[in-house]
Undergrad: 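Would you mind keeping the following structure in view while I ask a few things?
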Amino acid sequence: MHFNLTEGVDLSIIKTSQFKTNQIIVNFATTQTEKYITARSLLADVMETSTQKYPTQTALARREAELYGMYLGTNASRIGNLHNIKIRASFLNDQYSQSGLLNQVIETLGELIFRPLVNDGKFDEATFNTQKTNLASSITSLNDDKQYYASMELRKLFFDNDSAMQIPSFGRVSDLEGLTAAKLVDVYQEMITHDKINIVLLGDVDEQQALADFSQLKFSPREIKDTTVLYRQALHEVFEKEEKQELKQSKLNLAYRLPVYFQDTKYYAAIVMNGILGGTPLSKLFVNVREKESLAYYANSNFNAFNGVLTIQTGIESQNKGKAIKLIKQQVAAVELGDFSDELLQEVKDGLVHHFLSGLDSSSNGAERALMNDMFDNEKTIDEVVGAINAVDADAVVEVAKLLKLQAVYFLNGESI
Amino acid sequence: MEKHQYSRFNETIYSQKMDNGLLVQVLPKKDFHKAYAILTVDFGSIDRTFVPKGQTDMITIPDGIAHFLEHKMFEKEDHDAFDLFGKLGADSNAFTSFTQTSYLFSGSDHIHENLDVLLDFVQDPYFSAKTVEKEKGIIGQEISMYDDDPNWRLYFGILGNIYPQDPMHIDIAGTKETIAKISADDLYTTYNTFYQPNNMNLFIVGNVEPEATIQWVEANQQAKQFDEPTDVEVSFELNAPDGSDVIPFRTLEMDVSRPKVMVGIRGLKEIEPGREGLKYRIAVELLLDTLFDDTSDKYLELYDNGTIDDSFSYNFEMQRGFHFAYFSADTDDTERFSDEIVDILEHANDYLVQGQDRFENLKRSILGRMIGMMDSPEAISNRYAGKLFGNTNLLDEVEILESVTFDDVLSVIPEFIQPAGISVFHIIPRNN
C-alpha cells in the first residue's frame, strides 16, 4: 500500500508473511553533482556512527543488539544521474521477538535521520575525523581488488571526462581534503530538506500501526523537480589503455555503449541479449572463451540499464590478450548476426525467470525491488515481468545487439615487470 | 519418514535415510518460489591419506583432488551437467572446503527433474585423460587468481603459521605442481572411496511437497546399483597436537596499498563431534563477540585511537578435526594491532567478566541473526554440518544457543586460548 507522508516523501508498505525478518529502506535521492558525491558518501558513514542519543558507535551497537541484533546501516549508491543515501534496517518480526519491536526500530531510525551528533553547527569533530580517515583508507584499499580496480579504470575510459560518472558513488580521496565538520552539516541540511525520499517497509506488519509509527518521523515537505534520471552520452572514439602491475593474472575489460534503459520497450530484450552474450554460465563468453579455449578463469558481461553501458570482464594470462580480444569480438558479432540457437535463447529466458522468482524469496531483495518500482513509478506484477521476459524473441535480441558500440578497452597487464 | 516439528518457528523438517545410506532432509517453505537442494560429500581437501575402497593400505593423493573432482564431476562423456540444469531453468554450482564437497542447484520449476540431474551427475563419474589435462589449465587460472588476492594470501598465511605441517595450510585447490600430478585413475580411486551414498547427505529447502520429494529421491536411488557400503578410513593426525609446531610470526611483501594483519589462534583441545561440539562452537562465538564486537568498550577504544577501522573482522571456524579463530584488519600499524589483540586474548577472563552485563543482549543478537537465517534456503542448508555436530540443523542450534550460560563461556577460555596456539601474520607493501 502506498502512502504520502508529506510532499516529496513517499512510503510503501508491502505486507507479507513469507519472512521472519522485516526490511526498511529510507532512500534520499538527489541529482548527482561532482561536488557532492564524496561529501554525501562521508555523510552516510558519519550518520551511521552516532546520534545525539547514541553518541558513540558502541552505544548504537548496543541498541541494535538489544533489538535482537537488528541490522542498521547507511550507504551511498547511484542510479543513473541520481545519487542516493540509503539507510537500511533489517530486524525480526514482532512474532519472533517482542511486541512493539517495529516501533522501537523506527524510533531508532528516527534518531539516525533527525538527530545526528551535531553541536554548534559542526559534526562531532572526533567522529568526523575518524570517518574521513577511514573512508580515505577504504577507498585506497579497493585498489587491492584487481577485478574491481580494472572495472574502475574501464569506467574512467568509457564515461565522458566532464561527467560526474567519472567519480565512484562512494567518492574520491582527493575530494575529501577540503571537507570540514561544519561543511558536512550543510550537506546534511541539504539532504534532509530537499532530497526526494522514498521509504519502503516489507514484512509481516500491521499496516495502520506501521503508518502511525512512520508518521512520528517529522519530515518537512519538499518540492521535487523533474530530473533526468537516466544517463546518456554521445558516441566517442574507442579509448584504449594498458597498465602494468606485478600480478599473476591479467585483466582485460571492454565497455560498449548500449542505449537501452529500464522501462524501455527493449529493456527485456537487452537483458536477454546480455544473458546470451555473457550474463550466464550458458553464455557465449563463458562457453567459448572460458570453457572451450580454457583462455580465462572468468569471462562475463554486465548490463547497466541506468547508464546505458554493457561491460565485459575477463581474467586471462598476459600473453593471451590478442587472442582473447579477437574471441570476445567474435562472440559479440555472433549475437548481432543472430548466431545463437533457439534452445539457448529459451534457456537464458528460463534462467532469467528463475532469477526473478528466486529474488522474491529474499526480503532485502524484495524491498530493493519495491524501492525501484516506487522511484520509477513502474509497478509490474509477477506475471507481467515473467510474460515480458518470455516474449523476447531472437529478432528482438539481434536488434538490441546491433546497438552495441565498442567504446573502451582496458588491459591490466600482469606480466612481470 | 521422520517428521520433526519446530512449532516455535512454524517449520517442519522431514527426513529419511535411504536403503543405501543416503540421508535426505526436506524443509518445505510453501510461500517461497524456489527450491534449493545441496548434496554434500563428507570429503574435503585435507582428506588426502586414506585406504582406497577394496584395499588395505593407506595411500596419499596429490593436494587439490577434492576440488579437482568437484570440477570434473560436471563433465560427462557426451554432455555437461551444467547444461542439463540450464535447460531446466535452474542454477547450479559446487564448492569444496577443507572437509566437505557440495553440489547444489536452485530452481523455481521442474524440481523433480533437477533433483534427478543432481543425483545422477554426482553418482555417475566420467573421467578421461584428455578432460583431466584440460581442467589443469582452468584450475591453474583459478589458483593464480587467488594468488593475487591479498585477503586470500593473508588467510592462508595465518593457516601456514598455525598448521605449518598439516594439510590446512595448503590452498583447497592445491598448487600448480600438485594438480599437475593428478590422473584420471586418482580421481576414480578417490571417487569410489568417498562418494558412497552412506558418506553423503541431501538437504532440500523451499517450495516442495516433502513426501513426494522424498519419494522422488527414493525412486532415483532404487533404480541404481550400489556396491555394498564400506566405512571410509581416513588418516588425519595433526603433526603436533600440542601446537609445538606453530610459527609465531611471518611477514609477506606484496603489492598492497595498506598493510594487512591477521592474528590467528589454533584450538589445541580436541573437540568431540556431536551436539557438544556445536555447543562449544557457540560458546566460543559468544566469547569472541563479548570481547571483540562493536558493543565492547575495548572496541571503541581501539577504533577511536586508530588501531582498527571498519575493515576489522574476526571469525571462528570449526571443522572436522580442527578449529581456529582469526582477527584481521587493514592498518598502518600492524604491530600495534597484533599486540592489542594478543593482549585481549591473554586477559580474556578479565574482559569477559567486565562484559557480563552485555552477555544476554549478545545472546539475543545471535538469536536474531539465527532466526534471520531461517529466511534463507541457502543459509539453512549450507549450515548443516552432518555428523560433525550430531546431525543438528539451524533450528536445533537456537535451542543449544539458549542453553549456553555465562559460566559455559568462562570455561571455554582456558580450553581455547592457549599461548602456544597464538600466531601473527603481516602483509606489508612491497616498496616499504
Side-chain angles (χ1 to χ4, degrees), chain A residues 16-21 45 56-58 61-62 64-71 90-92 96-97 126 130 133-134 137-138 140-141 143-146 245-249 280-282 290-291 294 296-298 315-317 343 346-347 349-351 353-355 357-358 360-363 414, chain B residues 8-9 29 31-34 80 82-83 86-92 106-109 134 137-138 141-145 147-151 206 255-258 293-297 299-300 303-304 306 309-311 330 332 358 361-362 364-369 371-372 374-377 430:
Chain A
T16 166
S17 58
Q18 192 183 347
F19 307 109
K20 294 179 170 60
T21 45
D45 288 351
T56 64
Q57 68 212 80
T58 302
R62 286 181 185 170
E64 291 165 24
E66 209 167 61
L67 301 181
Y68 290 82
M70 78 172 288
Y71 166 83
S90 169
F91 52 98
L92 293 184
Y96 295 104
S97 50
T130 307
T133 308
N134 290 356
S137 316
S138 68
T140 309
S141 289
N143 292 336
D144 295 340
D145 177 343
K146 297 306 169 190
Q245 287 189 7
E246 201 165 317
L247 294 171
K248 296 200 172 151
Q249 193 182 86
T280 67
L282 310 163
R290 188 192 125 124
E291 296 280 295
S294 292
Y297 177 61
Y298 65 91
I316 59 172
E317 301 272 357
E343 206 183 359
Q346 191 56 51
E347 287 166 18
K349 292 197 293 189
D350 289 347
V353 167
H354 167 58
H355 281 177
L357 291 176
S358 72
L360 302 174
D361 290 345
S362 144
S363 57
Chain B
R8 176 178 167 195
F9 300 113
K29 280 189 171 282
D31 293 336
F32 277 56
H33 301 82
K34 73 170 169 206
D80 195 305
F82 220 80
D83 297 338
K87 285 187 208 314
L88 294 165
D91 277 344
S92 64
S106 150
S108 30
D109 203 359
K134 198 195 81 175
I138 292 176
Q141 278 278 348
E142 185 174 346
I143 293 170
S144 294
M145 193 164 70
D147 275 347
D148 287 338
D149 178 349
N151 291 324
D255 181 19
V256 288
S257 1
R258 286 183 85 198
D293 103 329
D294 55 0
T295 63
S296 75
D297 293 327
Y299 178 97
L300 187 65
Y303 194 96
D304 284 347
D309 60 17
D310 300 315
S311 66
D330 297 351
D332 297 323
R358 289 180 288 119
N361 269 347
L362 285 171
R364 184 192 269 205
S365 191
I366 296 180
L367 172 73
R369 288 204 297 267
I371 299 175
M374 294 176 197
D375 278 344
S376 159
R430 204 185 298 273

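Naming convention: chains lettered A, B, ... in sequence-line order (proteins, then strands); numbering from 1 in each chain. No experiment lies behind these values; they were computed from the predicted model shown.
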Undergrad: If only side-chain N and O atoms count, and only distance matters, is there a donor-acceptor pair under 3.5 Å linking T21(A) with D375(B)?
TA: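 The criterion, which ignores hydrogens and geometry beyond distance, is satisfied for T21(A) and D375(B).
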Undergrad: Looking at T56(A), L282(A), L92(A), which makes the most heavy-atom pairs under 4.5 Å with chain B?
TA: L92(A)
Undergrad: Taking the side chain from D144(A) and the backbone from S257(B), do they hold a donor-acceptor pair closer than 3.5 Å?
TA: yes
Undergrad: Where does D293(B) contact chain A at under 4.5 Å (heavy atoms): side chain, backbone, both or neither?
TA: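 Nothing of D293(B), per the 4.5 Å heavy-atom cut-off to chain A.
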Undergrad: For the NZ atom of K34(B) and the CG atom of L360(A), what is their distance to the nearest 0.5 Å?
TA: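 Spacing of NZ (K34(B)) from CG (L360(A)) equals 10.0 Å.
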Undergrad: Look at E347(A), E343(A), M70(A) and state which one has the largest set of heavy-atom pairs under 4.5 Å with chain B.
TA: E347(A)
Undergrad: Charged N to carboxylate O below 4.0 Å: is that the case for D148(B) and K146(A)?
TA: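 Salt bridge between D148(B) and K146(A), a charged N being under 4.0 Å from a carboxylate O: no.
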Undergrad: What is the distance from atom OH of Y71(A) to atom OG of S365(B), rounded to the nearest 0.5 Å?
TA: 13.5 Å
Undergrad: Using 30° and 60° as the class limits, which term best fits the ring planes of Y96(A) and F9(B): parallel, tilted or perpendicular?
TA: parallel
Undergrad: Can you sort out the partners of H354(A) under side-chain hydrogen bond (donor to acceptor under 3.5 Å, both in side chains), two or more places apart, ordered by chain and number?
TA: S106(B), S108(B)
Undergrad: With a 4.5 angstrom heavy-atom cut-off, is it the side chain or the backbone of R258(B) that approaches chain A, or both, or neither?
TA: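 Answer is both: backbone and side chain atoms of R258(B) are under 4.5 Å from chain A.
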Undergrad: Check for a donor-acceptor pair, side chain of D361(A) on one end and backbone N or O of H33(B) on the other, with a separation under 3.5 Å.
TA: yes
Undergrad: Counting heavy-atom pairs under 4.5 Å with chain B, which one of S363(A), S358(A), G351(A), S97(A) comes out on top?
TA: S358(A)
Undergrad: Say you draw a straight line from CG of N143(A) to CG of D255(B); how long is it, rounded to the nearest 0.5 Å?
TA: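 Result: 9.5 Å between the selected atoms.
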Undergrad: Any idea which heavy atoms bring S137(A) and D309(B) closest together, and the distance?
TA: CB-OD2, 4.4 Å
Undergrad: Measuring heavy-atom distances to chain A, does S296(B) have an atom under 4.5 Å in its side chain, in its backbone, in both, or in neither?
TA: backbone
Undergrad: By the definition side chain to side chain donor-acceptor pair (under 3.5 Å), identify the one residue from N134(A), T58(A), T130(A) that meets it with Y303(B).
TA: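 It is N134(A), the one option of N134(A), T58(A), T130(A) that forms the side chain to side chain donor-acceptor pair (under 3.5 Å) with Y303(B).
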Undergrad: Which residue in the set E64(A), E66(A), R62(A) passes side chain to side chain contact (heavy atoms under 4.5 Å, CB included) when paired with N361(B)?
TA: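 Single pass found, and it is E66(A).
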Undergrad: Tell me, side chain or backbone of Y299(B) under 4.5 Å from chain A's heavy atoms, or both, or neither?
TA: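 Only the side chain of Y299(B) comes within 4.5 Å of chain A.
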